[in-house]
Amino acid sequence: MPIRIYNTLSRKKELLQPLEENHVKLYVCGITSYDYCHIGHARSALVFDMVVRYLRYQGYRVTFVRNFTDVDDKIIARAKEQGVLPTALAQRFIDEFYRDMDELGVLRPDIEPKATEHIDEMIALVQELIDRGLAYPAGGDVYYRVDKFADYGTLSGRNLEDMQAGARIGVNAQKEHPMDFVLWKKAKPGEPKWESPWGPGRPGWHIECSAMSRKYLGETFDIHGGGKDLIFPHHENEIAQSCGASGKSFASIWMHHGFVTIKDEKMSKSLGNFLTIRDVLREYPAEVLRLFIFSTQYRNPLDFTEDALRDARTSLDRIYECLAMVVSLPAGHAGATSIVSKKDRRKLLNLKDHFIQAMDNDFNTAQALGFLFDAIKVMNKIGRLLPEAPAAQDIELLKSAGTTVREVSDILGVAGRDPQQYVEEKKKKLLASIDITEEEINRLIKQRDEARKKKDWTASDVVRDQLLEHNIELHDGPDKTSWEVKK
RNA sequence: GGCGACGUAGCCAAGUGGUAAGGCAGUGGUCUGCAAAACCAUUAUUCAGCGGUUCAAAUCCGCUCGUCGCCUCCA
């Protein structure tokens with residue numbers, strides 16, 4: 001089945017057709033490392049983690065490159081504030097970034113280039129642009145000559161005239177055109193600097209991605225991704241640089257994900273309304289955050305609320321509890337008749353196909369999850385209706401559906417743990433927050449069982465109420481009473 | 001001001017020309033000594049509003065209203 005991806009460049013969904021047979025080359029703009037990452041960064045990492053997992057699941061070889069911007073105005077400013085070297089600050093937050101990513105279970109990209117380690121490549125690229133007449137040095141800086149690049153504005157759907165009309169930036173007298181952007185910045189005293197044909201300085205922000213993507217993926221590659229806020233100017237300028245230098249097309253497909261919002265406002269450093277990844281991870285496990293992020297399609301905005309996170313946690317429990325049920329299924333009997341309706345059987349057998357169809361359609365994880373929960377519901381229903389001597393084919397169906405659930409969940413990076421262990425651990429964790437021991441609970445249950453045998457419902461209910469005061473809920477099963485901490 | 005996106009039940013969210021997935025919450029029921037959990041049933045004659053195209057529109061086109069984003073660093 002072909003995978004269709006929405007391409008910002010054409011504003012349409014397009015078939016993924018890798019330039020190299022069966023090999024997808026993907027470049028994603030990573031972080032500028034000067035602070036802890038927030039939930040928006042988590043969404044970016046998780047979206048592309050899902051994309052890579054899915055492409056590999058579908059048999060593609062994927063070369064995934066994601067950079068670190070480790071030299072930049074913000075890093076320099078923050079380092080100055082803290083009285084540390086910019087390089088030390090950048091490295092520190094790269095380490096913190098890895099800590100968050102590992103916690104989220106994000107697979108490492110194949111290549112993670114740093115800007116500071118590719119200064120030579122950037123200088124070479126800037127020189128090529130100068131040689132082609134697309135850039136010019138001015139007072140130690142080098143600028144890109146936007147009006148010499150005919151396609152400038154195509155990605156973001158703008159034209160130079162409109163942009164100038166609404167320009168909020170002060171005009172730099174050194175620029176030939178107000179929209180020209182900087183490729184190389186002359187060093188100011190005390191700033192990190194490298195030698196270059198135009199004097200000591202450091203690269204502009206955009207040039208690193210052009211230089212590094214070319215080095216690791218070639219002049220033309222398949223997918224370039226990032227947040228919607230990078231469309232302009234970052235990606236627009238990358239196109240100008242890369243296509244300008246090579247004369248060839250750059251990325252075939254441009255993928256941009258939506259923002260995480262709080263109260264419908266973009267979460268951002270400048271607005272100060274952001275939550276860091278570790279803030280959230282303290283309250284909710286990574287798998288919950290993943291389910292939350294994937295509950296909507298990647299291009300749509302995603303509003304962060306406590307309710308939404310709680311929903312996600314309930315959903316995750318639901319998946320694990322269903323899987324735990326499947327694991328503890330009794331053996332089937334060859335002679336017994338099936339109790340599963342044709343419709344339900346088909347739903348389970350079609351889960352994988354439906355899931356894949358949703359994912360093929362521009363990674364529609366929300367729809368894919370819909371199919372997943374549909375199957376969970378059917379599985380719970382069958383599990384509930386199973387007689388004491390269930391039909392072998394029904395047990396077989398549930399077990400294979402369980403395997404499929406795990407298989408497709410893995411694409412989203414959820415439900416990867418042992419389900420029985422998950423249920424147990426959850427119980428233990430909740431128990432830790434309760435002022436009663438497991439032994440005490442079991443003792444009380446025993447006491448209650450005796451009362452129930454004598455049909456002394458009053459005494460029985462006293463015990464249950466007693467436990468309920470400790471937030472313990474009892475569930476009377478056919479042969480024994482189980483308990484759980486009330487949610 | 002320019003450009004763009006979005007508006008589907010109480011909330012979240014699919015659906016992209018053929019008659020409204022799924023989740024959470026709610027209500028009724030099955031089960032139970034009573035419960036809980038689970039399951040079953042139920043919850044939008046309608047997709048912001050108004051026009052238009054079509055045999056057929058939530059889906060395409062136009063206008064209006066509302067929300068958000070980019071145009072300055074931003075995932």
Side-chain angles (χ1 to χ4, degrees), chain A residues 8 11-13 28-32 34 37-48 69 72-74 77 153 156-159 161-170 179 205 225-234 236 256-261 264-271 274 291-292 295-297 299-303 305 307-308 310-315 318 321-322 325 354 358 361-362 364-378 380-385 452 455-458 460-461 464-465 468 473-478 481-484 486-487:
Chain A
T8 306
R11 279 142 230 247
K12 283 196 299 258
K13 286 180 193 169
V28 173
C29 291
I31 57 157
T32 298
Y34 72 106
C37 289
H38 58 61
I39 305 305
H41 298 112
R43 186 179 194 187
S44 177
L46 256 15
V47 162
F48 290 106
T69 298
D72 148 282
D73 290 347
K74 291 189 296 291
S156 54
R158 303 152 200 258
N159 58 64
E161 292 74 49
D162 289 343
M163 280 190 282
Q164 279 178 80
R168 285 190 265 158
I169 41 172
M179 295 309 294
W205 174 36
K228 275 192 156 81
D229 47 1
L230 296 182
I231 296 172
F232 190 90
H234 188 53
E236 193 72 71
H256 292 102
H257 66 259
F259 305 123
V260 177
T261 60
D264 292 325
E265 261 193 342
K266 181 183 171 186
M267 186 184 285
S268 75
K269 292 271 165 74
S270 45
L271 288 171
F274 63 92
L291 271 185
F292 163 68
S295 68
T296 188
Q297 209 265 351
R299 281 188 285 127
N300 296 141
L302 176 60
D303 202 44
T305 61
D307 279 355
R310 240 173 310 199
D311 280 4
R313 180 155 62 191
T314 307
S315 301
R318 205 173 148 77
E321 277 158 19
C322 174
M325 176 275 288
H354 283 155
N361 183 14
D362 198 24
N364 194 334
T365 53
Q367 190 179 40
L369 281 171
F371 288 124
L372 180 70
F373 286 113
D374 213 13
I376 300 272
K377 192 174 174 177
V378 169
N380 283 336
K381 175 179 162 186
I382 297 169
R384 161 85 181 169
L385 293 175
R452 290 182 77 217
K455 295 202 190 291
D456 185 351
W457 308 128
T458 316
S460 160
D461 286 350
R464 188 171 53 202
D465 290 346
L468 205 54
E473 247 171 18
L474 297 182
H475 308 158
D476 294 329
T481 297
S482 61
W483 59 273
E484 74 172 357
K486 203 174 163 188
K487 284 167 198 162

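For clarity, every value in this text was computed on a predicted model and none was experimentally measured. The chains referred to below are lettered A, B, ... by the order of the sequence lines, with proteins before strands, and numbering in each begins at 1. As a basis for the values below, the full set of heavy atoms in this structure was taken, side chains included, without hydrogen atoms, waters or symmetry mates.
To the nearest angstrom, C1' of B:U72 lies 16 Å from CD of A:Glu236. Counting to the nearest Å, the C1' atom of B:C39 and the CG atom of A:Leu385 are 7 Å from each other. Atom CG in A:Asp264 sits about 16 Å away from atom P in B:G66, given to the nearest Å. Between A:Ile31 atom CD1 and B:C73 atom C1' there is a gap of 15 Å when expressed in whole angstrom units. The interatomic distance linking A:Glu265 (CD) with B:C70 (P) rounds to 10 Å, in whole Å. With rounding to whole Å, A:Ile231 atom CD1 is found 14 Å from B:A75 atom P. Atom P of nucleotide B:C73 and atom CG of A:Asp72 are separated by 10 Å, given to the nearest angstrom. Nucleotide B:A5 holds its P atom 7 Å from the CZ atom of A:Arg11, rounded to whole Å.
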Expected string for nucleotides 28-36 of chain B under the B/S/- scheme (protein heavy atoms, under 4.0 Å, primed atoms plus P, OP1, OP2 as sugar-phosphate) is ---S-BBBB

A correct 5'-to-3' footprint of nucleotides 11-22 of chain B, with B, S and - meaning base, sugar-phosphate only and no protein heavy atom under 4.0 Å, is --SSS-----BS

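Spacing between B:C63 and B:A25 at atom C1', rounded to whole Å, works out to 38 Å. B:C3 and B:U45 have their C1' atoms separated by 39 Å, with the value rounded to a whole Å. One P atom belongs to B:G29, the other to B:U67, and the distance between them is 43 Å to the nearest Å. Nucleotides B:G49 and B:A57 place their C1' atoms 16 Å apart, quoted to the nearest Å. B:U8 and B:G22 are spaced 14 Å apart, taking the C1' atom of each and rounding to whole Å. With both ends at atom C1', the span from B:A58 to B:U19 equals 11 Å, rounded to whole Å. The separation of B:G7 from B:C61, taken at their P atoms, amounts to 14 Å, rounded to a whole angstrom. Here, B:G15 and B:C55 have their P atoms 28 Å apart, quoted to the whole Å.
Pair check for B:A48 finds B:U64; Watson-Crick or G-U wobble, both atom distances under 3.5 Å. Across all strands shown, the partner of B:G28 is B:C40, judged by Watson-Crick or G-U wobble contacts whose two distances both fall under 3.5 Å. As the counterpart of B:C70, B:G2 is assigned, both hydrogen-bonding distances of the Watson-Crick or G-U wobble pattern falling under 3.5 Å. Pair assignment for B:C55: B:G18, on the basis of Watson-Crick or G-U wobble contacts that are both within less than 3.5 Å.
The shortest distance between side-chain heavy atoms of A:Val260 and A:His38 does not fall below 4.5 Å. Residues A:Thr365 and A:Val47 fail the side-chain proximity criterion, which asks for heavy atoms closer than 4.5 Å. Using a 4.5 Å heavy-atom cutoff, the side chains of A:Leu302 and A:Asn300 are not in contact. For the pair A:Thr481 and A:His475, the minimum side-chain heavy-atom distance is 4.5 Å or more.
Between A:His257 and A:Phe48, the two ring planes are perpendicular [angle over 60°; tilted spans 30° to 60°].
A:Cys29 contributes atom SG, which lies 5.5 Å from atom CG of A:Leu230 (distance to the nearest 0.5 angstrom). Summarising the geometry, atom CG belonging to A:Leu271 is positioned 5.5 Å from atom CD belonging to A:Glu265; distances are rounded to the nearest 0.5 Å. Of the inter-residue distances, the one linking A:Asn380 atom CG with A:Glu321 atom CD reads 8.5 Å to the nearest 0.5 angstrom. Put simply, CZ on A:Arg310 and OG1 on A:Thr305 are 8.5 Å apart, with the number rounded to the nearest 0.5 Å. With rounding to the nearest 0.5 Å, the separation of NE2 in A:His256 from OG1 in A:Thr8 is 5.0 Å. For the atom pair A:Met267 CE and A:Ile39 CD1, the distance stands at 5.5 Å (nearest 0.5 Å).
Looking at heavy-atom distances under 4.0 Å, A:Lys266 makes contact with a base. If you check every strand for non-hydrogen atoms under 4.0 Å, A:Leu372 touches nothing. Across all strands, A:Gly40 comes closer than 4.0 Å to base atoms (heavy-atom distances). At the heavy-atom level, A:His38 lies under 4.0 Å from base atoms of the strands shown. Here A:Val260 lies in heavy-atom contact (under 4.0 Å) with a base. Within the 4.0 angstrom heavy-atom criterion, base atoms lie near A:His257.
The phosphate of B:C39 has OP1 or OP2 within less than 4.0 Å of a side-chain N or O from A:Asn380. Remark: A:Arg158 is not in phosphate contact with B:G1, judged by side-chain N or O atoms under 4.0 Å from OP1 or OP2.
Remark on RNA chain B: of its neighbouring residues A:Lys381 and A:Lys74, the 5'-side contact belongs to A:Lys381, judged by nearest-heavy-atom nucleotide.
With respect to the salt-bridge test (charged N to carboxylate O, under 4.0 angstrom), the residues A:Asp374 and A:Lys377 do not qualify.
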